Amino acid sequence: MRFLATEFDGPVLVAPEPISDERGFFARAFCEHEFAAHGLPIRFPQTSVSFNTHAGTVRGMHFQAGASAEAKLVRCIAGAMFDVIVDLRVGAPTFGRWQGFHLDAENRHQLFIPKGFAHGFQTLRPSTEVGYMISAFHAPDAARGFRYDDPAIAIAWPQPVAMISARDLAWPAFPG
């Protein structure tokens with residue numbers, strides 16, 4: 001695995017290093033030793049999946065507050081997505097800034113998102129499936145978010161929004 005820097009201190013793009021032969025390839029998607037060597041969490045007690053029928057679906061911007069904050073390892077299992085993180089760490093030089101990543105079933109990249117970041121994505125193809133390894137158990141009372149289209153953040157979504165939940169539309173403005 002290659003651990004590639006992002007614009008932020010903390011988030012990391014994890015790229016597989018496939019070993020190919022006539023059958024296809026083999027690559028590690030997670031290794032406790034390598035994650036620990038890069039200072040990343042190695043305990044993920046919860047794994048979740050999101051299936052999205054339509055291209056242009058937006059989910060986000062979500063995070064868990066307080067002691068229930070989560071780190072996530074996100075990967076596109078099928079289809080393609082534009083994955084977005086926003087720095088929520090008050091006092092960080094990148095507070096309130098966003099960065100987007102193209103994750104798809106072909107590049108097999110994963111995005112490690114540490115605690116202190118909001119997360120959301122837009123599907124770029126129909127039938128996009130997203131897998132999450134999560135460092136903490138979900139705590140519904142700690143669930144927070146802000147609007148995907150908040151002008152204070154100005155995320156440049158690559159496609160018009162085709163689908164979004166009523167819950168995501170009801171989030172307040174960015175908490176900055």
Side-chain angles (χ1 to χ4, degrees), residues 4-14 40-41 44 46 48-77 79-104 107 109-176:
L4 309 171
T6 67
E7 293 177 12
F8 302 105
D9 179 28
V12 176
L13 193 63
V14 181
L40 304 177
F44 295 101
Q46 183 173 310
S48 298
V49 66
S50 167
F51 179 79
N52 305 275
T53 305
H54 303 284
T57 298
V58 169
R59 292 184 185 251
M61 299 300 297
H62 305 145
F63 59 97
Q64 293 281 120
S68 297
E70 302 169 331
K72 297 177 183 174
L73 184 61
V74 178
R75 152 179 197 211
C76 185
I77 299 165
M81 63 193 276
F82 182 66
D83 206 38
V84 176
I85 56 175
V86 175
D87 192 344
L88 302 176
R89 301 171 298 174
V90 175
T94 52
F95 175 74
R97 286 191 23 212
W98 68 275
Q99 186 176 4
F101 304 86
H102 183 90
L103 305 180
D104 62 39
N107 70 23
H109 290 174
Q110 300 177 91
L111 181 62
F112 172 76
I113 307 163
K115 296 175 183 180
F117 284 80
H119 174 251
F121 64 86
Q122 182 178 49
T123 59
L124 303 175
R125 296 185 202 149
S127 300
T128 293
E129 188 168 327
V130 181
Y132 306 77
M133 292 174 65
I134 304 168
S135 69
F137 294 107
H138 181 67
D141 292 344
R144 303 286 188 278
F146 58 88
R147 286 190 56 95
Y148 78 98
D149 60 353
D150 189 313
I153 304 299
I155 297 169
W157 299 102
Q159 297 182 4
V161 175
M163 301 280 296
I164 188 165
S165 72
R167 180 179 183 213
D168 284 348
L169 286 173
W171 287 121
F174 178 70

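Just so it is clear, the values below take in all heavy atoms, side chains as well, and ignore hydrogens, waters and symmetry mates. Along the sequence shown, the residues carry numbers beginning at 1. The structure displayed is predicted, hence computed values, not measured ones.
The minimum heavy-atom distance between P158 and F82, with the atom names listed, is CD-CD2, 3.3 Å. Between A69 and A136, the shortest heavy-atom distance links the atoms O-CB, 4.0 Å. Shown here for I153 and W98, the closest heavy-atom pair between the two residues is O-CD1, 3.3 Å. When all heavy atoms are compared, the tightest approach of M61 to G120 is CE-N, 3.5 Å. A162 approaches A55 most closely through the heavy-atom pair CB-O, 3.3 Å. Pairing each heavy atom of K115 with each of A71, the nearest pair is CG-N, 3.8 Å.
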(request) Run the numbers on H109 and F101 for side-chain contact (heavy atoms from CB on, under 4.5 Å), then give the verdict. (result) CA-CA 9 Å; H109 290 174; F101 304 86; over 6 Å; no
(request) Output, in order, the C-alpha distance, side-chain angles, deciding distance and verdict of side-chain contact (heavy atoms from CB on, under 4.5 Å) for F44 and Y132. (result) CA-CA 9 Å; F44 295 101; Y132 306 77; over 6 Å; no
(request) Could you walk me through whether R75 and M133 pass side-chain contact (heavy atoms from CB on, under 4.5 Å), step by step? (result) CA-CA 9 Å; R75 152 179 197 211; M133 292 174 65; over 6 Å; no
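Every residue meeting the side-chain contact (heavy atoms from CB on, under 4.5 Å) condition with H54, not counting sequence neighbours, appears here in chain and number order: T57, M163. Partners of D168 by side-chain hydrogen bond (donor to acceptor under 3.5 Å, both in side chains), not counting sequence neighbours, listed by chain and number: H62, W171. Legend: residues meeting salt bridge (charged side-chain N to carboxylate O under 4.0 Å, His left out) with R97, ordered by chain and number and at least two apart, are E7.
S50 places a side-chain heavy atom less than 4.5 Å from the side chain of F121. Within the 4.5 Å cutoff, no side-chain heavy atoms of D104 are placed close to those of L124. Between E70 and F63 there is no side-chain heavy-atom pair separated by less than 4.5 Å.
To the nearest 0.5 Å, atom CG of residue N52 and atom CE of residue M81 are 8.5 Å apart. Rounding to the nearest 0.5 Å gives a distance of 10.5 Å between CD1 of I85 and CD1 of I155. Distance CG/L40 to CZ/F112: 5.0 Å, rounded to 0.5 Å. To the nearest 0.5 Å, the span separating CG on D87 from CD1 on I113 amounts to 12.0 Å.
Taking the six-membered ring where the residue is Trp, F146 and F174 present perpendicular rings, their angle passing 60° and hence far from 30°.
Within the structure, side chain to side chain donor-acceptor pair (under 3.5 Å) pairs that include any residue of residues 146-167 comprise R147-D149 (at least two apart or interchain). The salt bridge (Lys or Arg N to Asp or Glu O under 4.0 Å) analysis of residues 57-67, with sequence neighbours excluded, yields no pairs. A side chain to side chain donor-acceptor pair (under 3.5 Å) check over residues 121-130, counting only residues at least two apart or in different chains, returns the pairs E106-R125.
Proximity of a side-chain donor or acceptor of T6 to a complementary backbone N or O of P11 within less than 3.5 Å is detected.
More than 12 heavy atoms of other shown residues, nucleotides or ligands fall within 6.0 angstrom of atom CG in N107.
Tested against L111, the residues L73, L4, V12, L13 include a single side-chain contact (heavy atoms from CB on, under 4.5 Å) partner, L13.
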